[in-house]
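Notes follow the structure.
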Amino acid sequence: MTKKSASASIATSISSIRARRSKSGRDRAVTLIPGDGVGPEVTSAAVAVIAATGVKVKWDRQAAGASAFRRFGTPVPDALIESLRRTRVALKGPLETQVAEGWRSINVYLRRSFDLYANIRPTMSFAGVHTPFRNVNLIVVRENTEDLYSGIEHEVAPGVVESIKVITARASTRIAKFAFEYARIHQRKSVTAIHKANIMKLSDGLFLKCACTIAGKYPGIRYQEQIVDAACMRLVTDPGSFDMLLLENLYGDIVSDLCAGLVGGLGLVPGANYGDKGAIFEAVHGTAPDIAGKGIANPIAMILSSAMMLDYIGHQEAGNKIRAATGSVLRAGRVLTRDVGGKASTEEVTAAIIRAMRRT
Ligand code: NAD
């Protein structure tokens, strides 16, 4: 790919493009993966909110993860892969991955199989959600395809195992480009590359070198570097001093949850996994097994992820409507789930967001 077409393809991954609207006038096909745990509860909420915007989506519902394993004997049925190949866009609930046993993460598998290399997690404060910080406005940009998530692990000898961290110039350069293009399109001020290159001199050193080279091509956007431990300290004491964070896969995973904590928790933070040819939209949170099936999960992270999906398929106005309605429900503070200090159910919050949308 030439330099110009690489930038163009990143820009189209990021921004809303009308061309993605169904030209035939038919409803846009999107794969819907309800997922495990609270997944079916929060994805139903998002589907109801999208329906209320009036945007017509033809959902292709597909099982994955533990629920697929129970029904079909595999966590990744062929029908799921075929659907994703066809639609190239999915709204996905969280999928269960067992700890220290069982199959490899299906999330990692899907992101790698479809080369969804850029995981974007906008993390903002909401009026009405009480936290120690008011004006958090961070964009976490996480490399999604390599690092310790490469899945290369082996036992060298009994009692000695190795997990290989893979960092390549290709993946580091393209995620850095994605971050800077995002910053340019969304008029963000700075990008901070977060690393541990004082210890992992080769791997994190390469990541930094690539980030720094790309930063040189965007003189209008401030570039900083910070060691991950110091960055975590600064995030929990002065989050306003960061704007966009650029991280490898593992640091990105951990720091995303830390950032969610700054704004009121995992129930509020949406996410998108973008590639050059498709995208999967999902909340940052997992299956929340402790509250699954109780009807009390916060649907907002998934609803905001679905707004990002609408932007992507060319319905930015509808996405903005969802964001505005969600903000107004949080600000009013009357209908909130327990994680953010209320007593309402998933369905009550969803209904309040739909009512707020109808009022505007
Ligand atoms: P988790 O995100 O599921 O839960 C952490 C805490 O946050 C829990 O107390 C939970 O109740 C709370 N929480 C999460 N989402 C919430 C919501 N919408 N509303 C209210 N509270 C919410 O993390 P975990 O417990 O470490 O992981 C559980 C499972 O999820 C594991 O199998 C893990 O592999 C999987 N997981 C999947 C994804 C994904 O599919 N993208 C992401 C993270 C974890």
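Small disclaimer: the values here were computed from a predicted structure and weren't measured. Only this structure's heavy atoms are used, side chains among them; waters, hydrogens and symmetry mates stay out.
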Could you verify whether a donor N or O on one side chain and an acceptor N or O on the other, from Asp204 and Tyr251, lie under 3.5 Å apart?
yes
Residues in side-chain hydrogen bond (donor to acceptor under 3.5 Å, both in side chains) with Asn119, at least two apart?
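Partners of Asn119 by the side-chain hydrogen bond (donor to acceptor under 3.5 Å, both in side chains) criterion, ordered by chain and then number, come out as Arg121, Arg142, Asn273.
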side-chain hydrogen bond (donor to acceptor under 3.5 Å, both in side chains) evaluation trace for Glu225 with Thr192:
CA-CA 5 Å; Glu225 295 174 351; Thr192 306; over 6 Å; no
All ring-ring contact (aromatic ring centres under 6.0 Å, His included) counterparts of Phe242, not counting sequence neighbours:
none
Under the ring-ring contact (aromatic ring centres under 6.0 Å, His included) test, residues paired with Phe281 that sit two or more places apart
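Listed in chain order: Tyr274, Tyr312.
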Hphob cluster co-occupancy, Val108 + Ile81, side-chain heavy atoms under 4.5 angstrom:
no
Is the Tyr109 to Trp103 ring centre distance short of 6.0 Å?
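No, the ring of Tyr109 stays outside the 6.0 Å limit from the ring of Trp103, centre to centre.
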What's the verdict on salt bridge (Lys or Arg N to Asp or Glu O under 4.0 Å) for Arg85 and Glu82, showing C-alpha distance, side-chain angles and the deciding distance?
CA-CA 5 Å; Arg85 279 204 189 114; Glu82 278 156 28; over 6 Å; no
Stepwise side-chain hydrogen bond (donor to acceptor under 3.5 Å, both in side chains) test for Ser125 and Asn135
CA-CA 6 Å; Ser125 301; Asn135 295 316; 5.7 Å; no
Testing Glu153, Glu143, Glu248, Glu146 one by one against Lys165 for a salt bridge (Lys or Arg N to Asp or Glu O under 4.0 Å), which residue passes?
Glu248
Indicate yes or no for a side-chain donor-acceptor contact from Ser328 to the backbone of Ala325 under 3.5 Å, with no hydrogens or angles considered.
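The answer is yes, because a donor-acceptor pair under 3.5 Å joins these two groups.
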Is a side-chain N or O of Arg234 found less than 3.5 angstrom from the main chain of Ser241, in a donor-acceptor match?
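Indeed, once roles are kept as given, a pair shorter than 3.5 Å links the two residues.
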What is the ring orientation for Tyr223 with Phe180, classed by angle as parallel under 30°, tilted 30 to 60°, or perpendicular over 60°?
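Judged by the thresholds at 30° and 60°, the geometry between Tyr223 and Phe180 is tilted.
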Look at atom CZ of Arg188 and say whether more than 12 heavy atoms of other residues, nucleotides or ligands are closer to it than 6.0 Å.
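Count over threshold, so yes.
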Point-to-point distance, once rounded to the nearest 0.5 Å, from CG of Leu32 to OG of Ser83:
9.5 Å
